[in-house]
Amino acid sequence: MRTVFKTSYDADINLFRHAPQAGWYAALLALALIVPFMFDDFWIGEATNMLIWAIAGMGLMILVGQTGQASLGHAAFLAVGCYANVLLQEKLGLPFIISFPLGGLIAGLAGVLIAIPTTRLHGIYLAIGTLAISILADDLIVIAEPLTNGVIGLFAPDIQIFGVSINRYAQPDMFYWLVLVVTVLVVLAYRNILRSSLGRSFAAVRDSEVSARAMGVNVAKTKAISFGISAGITGLAGALMGHFAGIFNNETFNIIISIQLLLMIVIGGLGSIHGAFFGAVIVAILPQAIAISRDMVTNALGMSSIAIPGLETAIFGAILIGFILFEPLGIYGRWIKIRTYFELFPFYRRDMFRRQKSYLKTERMR
């Protein structure tokens, strides 16, 4: 068991708790860098897909996990970032290195505009409001056909960075490294937001709006900023998702994607960067795991491969139900318990993580 002795207030806001933890994350980054040398193009693509989902998960985690605002409409911000990035390249001729951050910025501004009328909504009402936004975004893409090409969709051009062309299929390794760089930058930005006074305001609003207001936190402004940052990061993921898919239309960012994003961070573990990555692994690997298992079973039985409609959704739903019933803290919460068990062994107490009944003070005092 490692005991950290804090000798200054900076110890509570450092990027890493101690040097060995920094070493573990450095080793993880080194492993991520050599993935293209270890696997073929198919699995490089799957790893890239996982990283893109992780970026989108971190965007939603800012809003749901850190600020406590439920959202079922983040597929709309994926679409805004994706369309903005491609249209800025095709219509205005901007290079990717400019259109990509601008796509995230436009998605962030859209998030702030949506937050203005929804900051007074709470709980299920906020979820319903954002769900309506996701549905409307699908229709708006079709209505704006002269700009978005409607149901036909748009083709994402090859990425050009300082004369280097990157195509998701022709250079999967380079596209993977590009997505990895964006992922690392988003993680650092996320972590620094949590270390700032703004991150403390997010946590205060999440835990109790009444208490946050009493401490001088502007709740409406904090929610709007959280919505903007969350939508901006999600927009960056949408821009990468467009280049990953190659072609996209309104069906690419439907309401199912919004629901899947929310379920992903719940399964991974709300309120932590790790939860976004654990959830992304489930979302990215689950379809391939189902396909490989189905082929193994059918080959063992001497049958032809049979595709069962809705099987992936059913399994994903069953996994979610299982976590809600047996591990509400998600995969990361379970990992914390396992790690604590070995750190404290043999002094680990059985009821250390016993579930406590709690009430939301904000709702109770209304």
Side-chain angles (χ1 to χ4, degrees), residues 53 56-80 107-108 110-138 190 193-194 199 201-213 217 219-235 237 253-273 275-276 279-280 283 316-317 319-321 323-324 328-330 332-333 358-366:
W53 276 102
M58 284 187 284
L60 184 57
M61 190 73 79
I62 285 281
L63 185 66
V64 180
Q66 306 301 335
T67 319
Q69 307 301 302
S71 174
L72 287 172
H74 261 54
F77 303 121
L78 285 172
V80 171
V112 173
L113 291 175
I114 290 173
I116 292 174
T118 59
T119 50
R120 295 185 179 276
L121 299 177
H122 303 272
I124 187 64
Y125 303 104
L126 177 60
I128 293 173
T130 54
L131 183 65
I133 292 169
S134 183
I135 297 173
L136 287 173
D138 191 342
Y190 189 125
I193 288 173
L194 296 186
S201 299
F202 289 166
V205 171
R206 176 192 62 198
D207 294 339
S208 174
E209 291 184 20
V210 173
S211 301
R213 194 174 289 110
V217 176
V219 175
K221 180 181 178 181
T222 301
K223 287 183 179 180
I225 294 175
S226 176
F227 237 110
I229 295 175
S230 174
I233 295 175
T234 307
F253 306 102
N254 55 29
I255 190 175
I256 301 299
I257 300 298
S258 294
I259 298 173
Q260 195 172 19
L261 262 177
L262 182 60
L263 300 185
M264 181 186 81
I265 63 173
V266 171
I267 291 175
L270 280 175
S272 68
I273 299 176
V283 170
F316 196 80
I319 293 174
L320 176 66
I321 293 172
F323 272 99
I324 291 176
L329 298 178
Y332 184 61
S358 61
Y359 300 94
L360 183 61
K361 298 180 181 64
T362 304
E363 300 295 337
R364 191 180 65 203
M365 297 179 66
R366 256 192 205 104

Gap separating the CD1 atom of Ile324 from the CG atom of Leu320, nearest 0.5 angstrom: 4.0 Å

From CG (Asp138) to CD1 (Ile255), nearest 0.5 Å: 9.0 Å

Thr222-Ser201 side chain donor-acceptor pair, cut-off 3.5 Å: no

Heavy-atom closest pair, residues Ala76 and Ala137: CB-CB, 3.6 Å

Parallel, tilted or perpendicular: rings of Phe227 and Phe77 (30°, 60°): perpendicular

Distance (rounded to the nearest 0.5 Å) between Ile257 CD1 and Trp53 CH2: 4.5 Å

Residue pair Ile273 / Met61, side-chain heavy-atom distance below 4.5 Å: no

Closest non-hydrogen atom pair between Met264 and Val283, with its separation: CG-CG2, 3.5 Å

Nearest-0.5 Å distance, CG of residue Leu136 to CD1 of residue Ile114: 9.0 Å

Donor-acceptor contact present, side-chain Gln66 to main-chain Gly271, <3.5 Å: yes

Thr118 side, atom OG1; Leu113 side, atom CG - distance, nearest 0.5 Å: 10.5 Å

Exercise: identify the closest heavy-atom pair between Val64 and Gln69: CG2-O, 3.3 Å

Non-hydrogen atoms of Ser134 and Ala75 that approach each other most closely: OG-CB, 4.1 Å

Closest contact, heavy atoms only, His74 versus Gly59: NE2-O, 4.4 Å

Worked check of side-chain contact (heavy atoms from CB on, under 4.5 Å) between Leu261 and Ile265: CA-CA 7 Å; Leu261 262 177; Ile265 63 173; 5.8 Å; no

Pairing residues for Ser226 by the side chain to side chain contact (heavy atoms under 4.5 Å, CB included) criterion, not counting sequence neighbours: Ile62, Leu63, Thr67, Phe202

Smallest separation among heavy atoms of Ala115 and Ala224, with atom names: CB-CA, 3.8 Å

Separation between OG of Ser71 and CD1 of Ile133, rounded to the nearest 0.5 Å: 7.5 Å

